[in-house]
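Structure, as structure tokens:
Positions are given from 1, in the same order as the sequence printed here.
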Amino acid sequence: MKRPADPPAGRGAASDRPGRQELWRSLVAHLRHELRTSLTAIVGYGDHLLECLPLDAPTSTFDALNGLRGIGASVLAQVNERISEEALGGRDSQALLRSLRELNDATEPHTSKIEPLCAELLSRFEREERFALIPILCRIQAAGVMLRNLIAGYSQSGLPKAPWLGLPPVQDEATPPALIAPARAGSLGGRLLVVDDNSVNRDMLTACLERRGYEVDQAPGGRTALQLIRENDYDLILLDLVMPDLSGLDVLEKLRDEGRLGIAPVVLLSASDKLGDVARGIECGAEDYVTKPFNMVLLQARIRACLELKRLRQCEEAYVTLLREHQARAEEAQRASAGRARGDAGEQGAG
């Protein structure tokens with residue numbers, strides 16, 4: 001698609017050009033922010049694990065952790081180098097798409113190692129009974145899932161629709177089956193609830209998510225959503241922030257009062273430019289948010305990350321239970337040992 005020709009010099013040119021430049025800067029900044037957020041989690045939590053690991057841990061465990069952190073640092077360097085205004089040379093949309101494809105090709109061999117490395121470290125931590133470190137590792141794995149999905153999705157031209165910049169629209173229902181298949185194959189699956197008072201939004205989201213292998217229920221408002229949540233087990237809830245009967249914040253508060261908040265992660269859907277509303281939603285217990293109109297690549301990545309995080313949290317709860325049992329056994333053994341020591345001392349005194 002060609003970029004629209006620049007308007008003739010004069011009042012229109014002066015007003016249009018800064019707007020286009022600002023749109024371009026916002027798009028590049030948005031892509032960098034999304035990618036760097038996941039990378040920050042991988043590198044930051046990797047550093048934290050290295051600090052928490054005792055010095056007597058096996059060298060191979062340190063090596064695996066350093067390898068995991070090194071992957072994050074390497075991909076971060078690639079993002080900083082390839083996705084920036086300076087590297088892209090102004091407002092060349094084709095340069096952006098080329099850079100994203102090159103970024104995917106350059107980083108895929110590295111990002112594909114994150115999950116296997118996390119699985120290896122998980123086994124090590126289990127064998128070494130370092131259960132308290134496993135939740136941190138789970139966060140790294142979830143961030144790695146989101147990172148890989150984002151890079152792969154953006155490299156397939158899954159960018160926000162911006163015809164003024166010459167950017168192609170997001171793939172729609174006419175997407176060739178060859179592009180749909182990887183999304184289905186990579187889906188974690190699960191049962192989702194879409195809550196939105198706008199029927200067009202609900203139907204669009206349902207069609208896109210079902211195409212990717214999810215089972216989807218719909219609710220036209222907050223009251224219906226609460227009833228469905230009480231009657232069904234959902235893996236994730238997509239919740240509109242502004243609705244006429246009950247707002248998304250009202251739904252979150254009622255779920256908290258009923259003790260249901262946290263059972264299924266909640267992703268807020270917001271058309272509001274007021275970040276304070278979204279912030280209150282996160283404070284009320286939402287896991288993440290996506291702005292309208294939807295970027296399906298970003299939404300899909302966040303859904304997958306939330307589903308992966310839910311699965312890992314279930315593992316985390318199991319490990320916490322295991323850790324408590326391990327501590328209880330250790331304390332019982334310590335008490336028994338102390339009792340035997342007192343008994344031996346008593347016998348020696350009597351003798």
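For CD of Gln334, the number of neighbouring non-hydrogen atoms (other residues, nucleotides, ligands) closer than 6.0 Å is 12 at most. Counting non-hydrogen atoms of other residues, nucleotides and ligands closer than 6.0 Å to CG of Asp233 gives a total of 12 or fewer.
The closest side-chain heavy-atom distance from Val251 to Val266 is not below 4.5 Å. Within the 4.5 Å cutoff, side-chain heavy atoms of Tyr214 are placed close to those of Leu307.
Just one residue in the list Thr224, Leu193, Leu238, Asp203 forms a side-chain contact (heavy atoms from CB on, under 4.5 Å) with Gln218, and that residue is Asp203.
The structure places CZ of Arg202 at 12.0 Å from CG of Asp217, a figure rounded to the nearest 0.5 Å. Distance CG/Asp197 to CG/Leu246: 11.5 Å, rounded to 0.5 Å. One distance of note links CD of Gln141 with CD1 of Ile136; it measures 14.5 Å at 0.5 Å rounding. In this structure, CD1 in Ile42 is found 11.0 Å from CG in Leu117, a value given to the nearest 0.5 Å. To the nearest 0.5 Å, the span separating CZ on Arg130 from CD1 on Ile134 amounts to 11.0 Å. Atom-to-atom distance recorded for Ile237:CD1 and Arg191:CZ is 11.0 Å, nearest 0.5 angstrom.
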### Task
Please test Glu215 against Leu192 for side-chain contact (heavy atoms from CB on, under 4.5 Å), starting from the C-alpha separation and ending with a verdict.
CA-CA 6 Å; Glu215 180 183 352; Leu192 278 55; over 6 Å; no
### Evaluation steps, salt bridge (Lys or Arg N to Asp or Glu O under 4.0 Å), between Asp288 and Arg302
CA-CA 8 Å; Asp288 208 335; Arg302 285 184 166 164; 3.4 Å; yes
### Task
May I have the step-by-step check of side-chain contact (heavy atoms from CB on, under 4.5 Å) for Arg36 and Asn80, ending in yes or no?
CA-CA 9 Å; Arg36 286 168 62 92; Asn80 289 339; 2.5 Å; yes
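Of all non-hydrogen atoms in Leu241 and Ser247, the two that sit nearest each other are O-CB, 3.5 Å. The heavy-atom pair separating Gly285 from Arg256 by the smallest distance is N-NH2, 4.4 Å. Taking all atoms of both residues into account, the shortest heavy-atom contact from Leu39 to Leu76 is CD1-CA, 3.6 Å. Taking each heavy atom of Ala106 and Gln78 in turn, the nearest pair found is CB-OE1, 4.1 Å. Residues Gly248 and Leu239 approach most closely at O-CD2, 3.5 Å, considering heavy atoms. Cys306 approaches Pro265 most closely through the heavy-atom pair O-CG, 3.9 Å.
Under the 4.5 Å side-chain heavy-atom criterion for Ile, Leu, Val, Met, Phe, Trp and Tyr, Ile263 and Leu268 are members of distinct hydrophobic clusters. In the hydrophobic clustering of this structure, Ile229 groups with Leu249; members are Ile, Leu, Val, Met, Phe, Trp, Tyr whose side-chain heavy atoms approach within less than 4.5 Å, directly or through other members.
With sequence neighbours excluded, the residues satisfying salt bridge (Lys or Arg N to Asp or Glu O under 4.0 Å) with Glu102 are Arg82.
Side chain of Asn104 to backbone of Leu100: no donor-acceptor contact under 3.5 angstrom is found. Judged by distance alone, with hydrogens and angles left aside, the side-chain atoms of Ser112 form a donor-acceptor pair with the main-chain N or O of Glu108 at under 3.5 Å. Although no hydrogens or angles enter the test, the distance criterion places no donor-acceptor pair under 3.5 Å between the side chain of Asn232 and the main chain of Tyr234. The backbone N or O of Thr107 lies less than 3.5 Å from a partner atom in the side chain of Thr111, making a donor-acceptor pair.
Remark: Arg230 engages Glu258 in a salt bridge, criterion side-chain N to carboxylate O under 4.0 Å. Taking a cutoff of 4.0 Å between a charged side-chain nitrogen and a carboxylate oxygen, Arg335 and Glu332 qualify as a salt bridge.
Residue pairs meeting the salt bridge (Lys or Arg N to Asp or Glu O under 4.0 Å) criterion with at least one member in residues 237-252, sequence neighbours excluded: Asp240-Lys292.
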Quiz: residues 53-75 side-chain donor-acceptor pairs under 3.5 angstrom, not counting sequence neighbours:
{"unit_1": "Ser60", "atom_1": "OG", "unit_2": "Arg124", "atom_2": "NH1", "d": "2.7"}
{"unit_1": "Thr61", "atom_1": "OG1", "unit_2": "Glu128", "atom_2": "OE2", "d": "3.0"}
{"unit_1": "Asn66", "atom_1": "ND2", "unit_2": "Phe62", "atom_2": "O", "d": "3.1"}
{"unit_1": "Arg69", "atom_1": "NE", "unit_2": "Asp47", "atom_2": "OD1", "d": "2.3"}
{"unit_1": "Arg69", "atom_1": "NE", "unit_2": "Asp47", "atom_2": "OD2", "d": "3.4"}

